Amino acid sequence: MRRALLCVLAVACLAGAAPKKPKLVLAIVVDQFRYDYLVRFRSEYHGGLARLLSQGAVFTNAGYIHVPAVTAVGHSTVLTGATPSISGIVANDWFDRDEGVHVTSVSDSHTQLLGGTGTGSSPNRLLVSTIGDELKMAAAGQPRVIGVSLKDRAAILPSGHMADGAFWFDTKSGNFVSSTYYYHSLPAWVEQFNTPRPTDRYRGVAWLGHKMPDDNAGLFQEIEVSPFGNELVEAFAERALAAERLGTREFTDLLTVSFSSNDYVGHRYGPDSPEVRQTALATDRLLEKLFQAVDERVGAGNYLVVFTADHGVAPVPEVNVARKMPGGRIDPAAIKAAVQTALVKKYGAGEWVAGAWDLAVYLNRETVARWKLDLAEVESEAARAIQALPHISRVYTLEEMKRGWGVRDSVSQKVANGYHLRRGPDIELIPDPYWIVGAAIATTHATPYSYDTHVPVIFLGPGIRPGLYHTPIAVNDIAPTLATLLEIETPSGSVGRPLTEILLN
Ligand SMILES: [Zn+2]
């Protein structure tokens with residue numbers, strides 16, 4: 001009897017010691033936000049980033065452990081903890097061998113856009129669960145899960161399969177849109193957000209000498225490449241918070257917000273430009289605006305923020321060369337041409353390349369079959385042609401990845417983590433450090449190097465021990481940490497570890 005009573009008391013004490021669960025998890029991803037943007041502009045941050053840096057648990061050495069470091073892959077990692085080898089999100093675009101077509105990470109021909117015209121998008125290519133899915137599955141679907149961004153993939157992949165809604169900006173209509181995957185028709189509050197044409201106020205407005213076009217088509221495109229795109233995302237997130245009454249019930253809700261303008265600005269102007277600095281400072285102010293809205297609606301101390309980025313970016317090669325650093329450009333067309341020329345010469349006429357994106361080359365399997373060739377041999381021939389190009393550091397083939405081949409170092413490990421054996425490319429190439437695969441843009445990202453993979457990770461809220469943490473961690477550690485805090489199952493593909501050093505209990 002006494003023992004039983006003691007046990008009851010002990011359980012009660014344990015329960016009492018556990019911090020109360022947050023009413024809301026606010027997951028913020030800034031698209032293309034290198035870790036060094038936190039420290040380089042630190043003295044100029046007075047808003048949300050300053051709040052995160054001064055009150056949060058700040059990881060100074062967080063990074064991605066996969067290649068390619070691009071938007072879809074980063075966004076699919078943050079709340080799943082999975083690598084592309086498991087999640088199946090291997091790139092922004094790839095060649096789907098089952099469908100025989102070029103697909104995007106979220107393209108779904110069975111869906112329609114809501115609020116715009118054309119085909120919609122869905123999380124159907126994501127093979128694993130997200131934190132939102134686990135929250136939903138643990139409580140009979142009652143927690144609310146919403147994703148917001150300018151980009152479809154950045155709204156859909158963090159929020160997951162069971163999300164109530166994902167919303168993104170449509171440059172054709174200037175509306176925030178969703179897809180029939182989530183709804184039969186656009187929720188009324190989204191219609192009400194779109195109706196007063198929130199893009200109109202930016203017509204003709206300039207920032208750092210860049211004037212927004214007057215015509216709709218130009219305006220909707222250029223808004224994305226300016227801090228104004230992030231303003232729209234923030235305003236929409238506030239509206240979602242209010243309309244969906246997030247964080248006001250007995251369950252933990254999830255709102256994922258991805259700010260995309262930093263990426264568009266970074267690609268056009270480069271990480272050392274005044275434009276990138278200005279956009280980072282504007283992001284700091286917008287985050288504070290969003291935090292204040294959540295403070296008001298959910299209550300300070302009742303919500304948990306996790307902040308990160310989906311990838312970094314390389315310096316503009318010409319900027320690097322001018323400061324005596326290495327760097328240069330590899331024309332993606334030259335890679336494709338090298339493979340095509342080599343295979344025609346060796347095996348005969350035909351279309352040999354099905355597609356090439358970022359660091360990936362997909363062979364045309366029909367041509368390989370028509371000539372009755374061994375795929376592994378053709379891949380090796382193509383790899384040799386790419387390796388012969390200047391400033392190619394490494395080349396990997398799918399057959400080699402299947403056999404577990406590779407130099408045993410961190411680059412090969414990142415390539416292996418990024419390689420899904422059904423969806424991965426026939427050849428993956430790694431350029432020399434500071435060399436980018438891209439011709440039409442100032443700079444880009446994708447490689448395993450630190451400028452592309454070193455990103456901020458900050459937690460702030462109940463149950464979190466604030467401070468600076470210098471131990472290297474992976475972005476994949478976010479999801480198991482949240483699962484531990486929220487007392488839910490770890491997402492199905494997670495390879496991360498719970499960051500126990502930041503947990504108060
Ligand atoms: Zn990008």
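When a ligand or atom number is given, it counts from 1 through the structure's own listing order. For clarity, every value in this text was computed on a predicted model and none was experimentally measured.
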Could you please give the number of protein N/O/S atoms within less than 2.8 Å of the Zn ion (ligand 1)?
->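 Number of qualifying protein atoms: 4.
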
Quick one: ring pair (Phe, Tyr, Trp, His ring centres under 6.0 Å) partners of His161, sequence neighbours excluded?
->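 Ring pair (Phe, Tyr, Trp, His ring centres under 6.0 Å) list for His161, sorted by chain: empty.
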
Would you call Arg42-Asp36 a salt bridge at under 4.0 Å N-O?
->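 No, no charged N to carboxylate O under 4.0 Å.
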
Is Asp426 salt-bridged to Arg365, going by a charged N under 4.0 Å from an acidic O?
->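 Looking at Arg365 together with Asp426, the answer is yes, because their closest N to O distance falls below 4.0 Å.
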
Does Lys151 make a cation-pi contact with Tyr264 (under 6.0 Å, within 45 degrees of the axis)?
->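 Checked: cation-pi criterion met.
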
To the nearest 0.5 Å, how far apart are OG1 in Thr397 and CD1 in Ile427?
->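 Thr397 atom OG1 to Ile427 atom CD1 measures 7.5 Å (nearest 0.5 Å).
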
Heavy atoms of other groups near Tyr434 OH, more than 12 under 6.0 Å |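 No, not enclosed.
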
